[in-house]
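Computed from a predicted model, the values in this text were never measured in an experiment. For this chain, numbers begin at 1 and follow the sequence in order.
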Amino acid sequence: MLKILFTGVGRRIELLQAFCSAALVLDKELKIYGADMAGTAPALAYCDYTRKVVAMNDPAYIQNLIDICVADKIDLLIPTIDTDLLILSENKGRFNAIDTKVMISDPDKIRICRDKNNTSQFFVDCGLHAPMPVNDWQEYKCGYPAFIKPKDGSSSINAYKVDNVEELEVYAGQVKDYIVQPFVDGREYTIDIFCDWNGEPISIVPRERLQVRAGEVLKTEICMDKTMIEEAKTLCKAFKPCGPMTVQLIRDKDGIDWFIEINPRFGGGAPLSMKAGARSAEAILQLMDGKEVSYMQDIADGAVYSRFDQSVCIKEGKGKIKGVIFDLDDTLYSEKEYVKSGFKAVSDYLGGGYEDKLWQYFEAGKPAIDELLKEIGCETTKLTALKVYRRHKPKIHLYDGVKEMLEKLRQRGIRTGIITDGRPEGQRNKIEALGLKQMVDDIIITDELGGVQFRKPCDIAFRIMANKWRMNYGDIVYVGDNVNKDFQAPHQLAMRSVFYKNKNGLYGENECNTLPCVENIVDIVTILD
């Protein structure tokens, strides 16, 4: 399993989705952690785990992250915004000491990017064109229009085009620690670059910025221009970026490329280059496995991508409930009872008398069947014993009051359903043993949709259920017991959720302070009121 912590996740949903897709393609088990100060960033709904952190300018910020990385055994930390790049780069060694890699360039390179004076000089030193800045508006002598912006700014905040000296004087009084440089008129481009640990390019993708809002691209066209690619290679040779780097430039009417800025991180539009073939998320997973990754040349030149906003639910409101979806295991019945039933079947197959030994191994957190077969020196293969376990007809029971609860919901005209993960044969046997097919309207076993990739937190099963019921997502409540995977999809779809804190379940130690909670499953009827 690989664990990646993203800092400042904000709205980087596309980026997180790219990593999830990469893990599926490579058949890699990946857990994504998102760090956020307020705990309300929309991208947190797409993380497997969320962690609150202090402000990036807090002296305790780095130690806060280190504590998280140690506790969660984080393999890789990836920053996504400018604010913490320098401090993370300066403390890279502290993370290495706890076996957490930080995908970030060296401090001297980060300083080049954080000061636009240094950035412009760096471009010129590389033999490229750059509009050279001055730091005092009264010293600006390069004609109008001009451009004024913060020396360490980002996202086009407080960046203004000015048409004359009078306007320049006004803006100079409003923008703190500014630079002034000639305004370059032309077509705007971004080059998304991704390099290995040593700064060798793995992908270089120029794209034209067709439409922009607040510094972030809304519409872009992939443009595999040979000149820009060679210029990017020149930059990489001098900069030696670790991982991602985004470069901004303007091509004027004479075809000259004027380089504006460098961001040594994933740009907001970087996932668009990934969709075009620059599979940098896949490359990161492979690099973390110690594999070499070849330069990616199969890029969809000319592809046009347009972006849109989508909401997620971070705080649930009130309203009439029309449908309730339940998890199955440890929500409607005791999964430990199923485990004991399976151990009884395996024990009987092996001759009897092994249930207690299997349960002891299970409670110790060991693979019970493996351990028992080794201990007794049985010739029965693990695969055969597992088939017995998975295919047995279980002796299990619904929690007290569940049947009556489901009937009350039906009497109120509320649709009920079950979404459950697991091997289809085993889950079907459970459903039959519990008699649930007659008690609820619809049941989806996620593996039957096409494999384990459809298990929670994948949202496909939830979409299917809502579509079948012809209901808005906000009219449906999902009830589950595992905070690590059960509620991610409902949050993304703006469904409501109820956490069943099952103290006797396999996830009995789970805590969740952000959702309505019941400690008895039958109290769902009350909480819906």
Side-chain angles (χ1 to χ4, degrees), residues 2 4 6 12-28 30 32 75-76 78-80 101-105 109 126 128 188-210 216-217 219-249 251 257 259 262-307:
L2 181 66
I4 301 180
F6 290 86
R12 296 304 190 93
I13 292 169
E14 281 182 293
L15 182 63
L16 301 185
Q17 289 175 325
F19 276 84
C20 292
S21 296
L24 284 174
V25 169
L26 298 176
D27 194 23
K28 180 79 175 176
L30 172 68
I32 293 178
D75 299 294
L76 177 65
I78 300 178
T80 63
K101 284 182 174 287
V102 182
M103 185 157 274
I104 195 164
S105 300
K109 301 303 192 301
C126 289
L128 304 174
E188 294 186 37
Y189 292 84
T190 291
I191 306 178
D192 290 320
I193 299 168
F194 184 78
C195 295
D196 64 16
W197 304 112
N198 300 314
E200 292 298 320
I202 291 176
S203 66
I204 297 175
V205 182
R207 51 185 174 81
E208 186 174 0
R209 293 156 64 88
L210 301 176
E216 191 161 306
V217 68
K219 187 187 295 183
T220 196
E221 179 175 358
I222 306 298
C223 177
M224 297 301 288
D225 183 270
K226 292 182 179 179
T227 299
M228 291 184 193
I229 291 173
E230 289 304 314
E231 290 169 334
K233 288 180 179 178
T234 298
L235 287 173
C236 289
K237 190 173 181 180
F239 197 97
K240 291 292 182 183
C242 175
M245 181 169 78
T246 301
V247 178
Q248 304 281 346
L249 66 97
R251 176 167 285 181
D257 293 335
F259 285 80
I262 303 174
N263 293 310
R265 56 171 173 78
F266 281 115
L272 307 179
S273 290
M274 295 184 199
K275 291 178 179 179
R279 303 179 309 279
S280 48
E282 287 182 35
I284 288 175
L285 302 189
Q286 291 173 313
L287 290 171
M288 288 298 293
D289 279 341
K291 298 177 181 177
E292 291 187 10
V293 182
S294 302
Y295 185 79
M296 299 175 182
Q297 301 188 63
D298 188 16
I299 309 297
D301 191 17
V304 177
Y305 298 95
S306 184
R307 307 172 78 193

Residue pairs meeting side-chain hydrogen bond (donor to acceptor under 3.5 Å, both in side chains), one or both in residues 196-205, sequence neighbours left out, come to E200-K240
For S105 and P241, the nearest pair of non-hydrogen atoms, with its separation, is OG-CA, 3.4 Å
Closest heavy-atom pair, C126 versus L235, reported as atoms and distance to 0.1 Å, is SG-CD2, 4.1 Å
Rounded to the nearest 0.5 Å, the CG atom of L272 sits from the CD1 atom of I222 at a distance of 7.0 Å
Note: C223 and D301 closest approach over all heavy atoms is CA-OD1, 3.6 Å
Side-chain donor/acceptor of T190 to backbone N/O of Q248, under 3.5 Å: no
| R307 side chain vs V217 backbone, donor-acceptor pair below 3.5 Å | yes
D225 side chain vs T227 backbone, donor-acceptor pair below 3.5 Å: yes
Next item on the list: Begin with the C-alpha distance, continue with both residues' side-chain angles, and end with the deciding distance and a verdict on side chain to side chain contact (heavy atoms under 4.5 Å, CB included) for V205 and F194.
Entry: CA-CA 9 Å; V205 182; F194 184 78; over 6 Å; no
Of all heavy-atom pairs linking L30 and A23, the shortest is CB-CB, 3.7 Å
Q) Between S273 (side chain) and G269 (backbone), is there a donor-acceptor pair under 3.5 Å? A) no
One should read off an interatomic distance between R207 CZ and D192 CG, to the nearest 0.5 angstrom, of 4.0 Å
Residues at least two apart in sequence or cross-chain that pass side chain to side chain contact (heavy atoms under 4.5 Å, CB included) with L24, listed by chain then number, are Q453
inquiry  = Please determine whether the number of non-hydrogen atoms from other residues, nucleotides or ligands lying under 6.0 Å from atom CG of D298 exceeds 12.
reply    = no
Q) Are any non-hydrogen side-chain atoms of I193 and V247 less than 4.5 angstrom apart? A) yes
Start with the C-alpha distance between K109 and I262, add both sets of side-chain angles, then the distance that settles side chain to side chain contact (heavy atoms under 4.5 Å, CB included), and finish with yes or no. CA-CA 10 Å; K109 301 303 192 301; I262 303 174; over 6 Å; no
Rounded to the nearest 0.5 Å, the CG atom of L249 sits from the CD1 atom of I191 at a distance of 5.0 Å
By ring-ring contact (aromatic ring centres under 6.0 Å, His included), F19 pairs with (sequence neighbours left out) F6
Considering only heavy atoms from C-beta outward, does the side chain of P206 approach that of I229 to under 4.5 Å?
-> yes
Closest non-hydrogen contact found for D289 with K28 is OD1-NZ, 2.9 Å
CD (Q286) and CG (L26) are apart, to the nearest 0.5 Å, by 5.0 Å
*Does some side-chain heavy atom of C195 sit less than 4.5 Å from a side-chain heavy atom of F239?*
no
Worked verdict on T220 versus L210 for side chain to side chain contact (heavy atoms under 4.5 Å, CB included): CA-CA 5 Å; T220 196; L210 301 176; 5.7 Å; no
dist M288:CE -> L285:CG (nearest 0.5 Å) comes out at 9.0 Å
| request: Starting from the C-alpha separation in whole Å, work towards a yes-or-no answer on side chain to side chain contact (heavy atoms under 4.5 Å, CB included) for L15 and I78. | output: CA-CA 11 Å; L15 182 63; I78 300 178; 5.6 Å; no
Rounding to 0.5 Å, atoms CZ (R265) and OG1 (T80) come to a distance of 7.5 Å
Note: A18 and M274 closest approach over all heavy atoms is CB-SD, 3.5 Å
Carefully, step by step, assess E208 and R251 under the rule salt bridge (charged side-chain N to carboxylate O under 4.0 Å, His left out). CA-CA 10 Å; E208 186 174 0; R251 176 167 285 181; over 6 Å; no
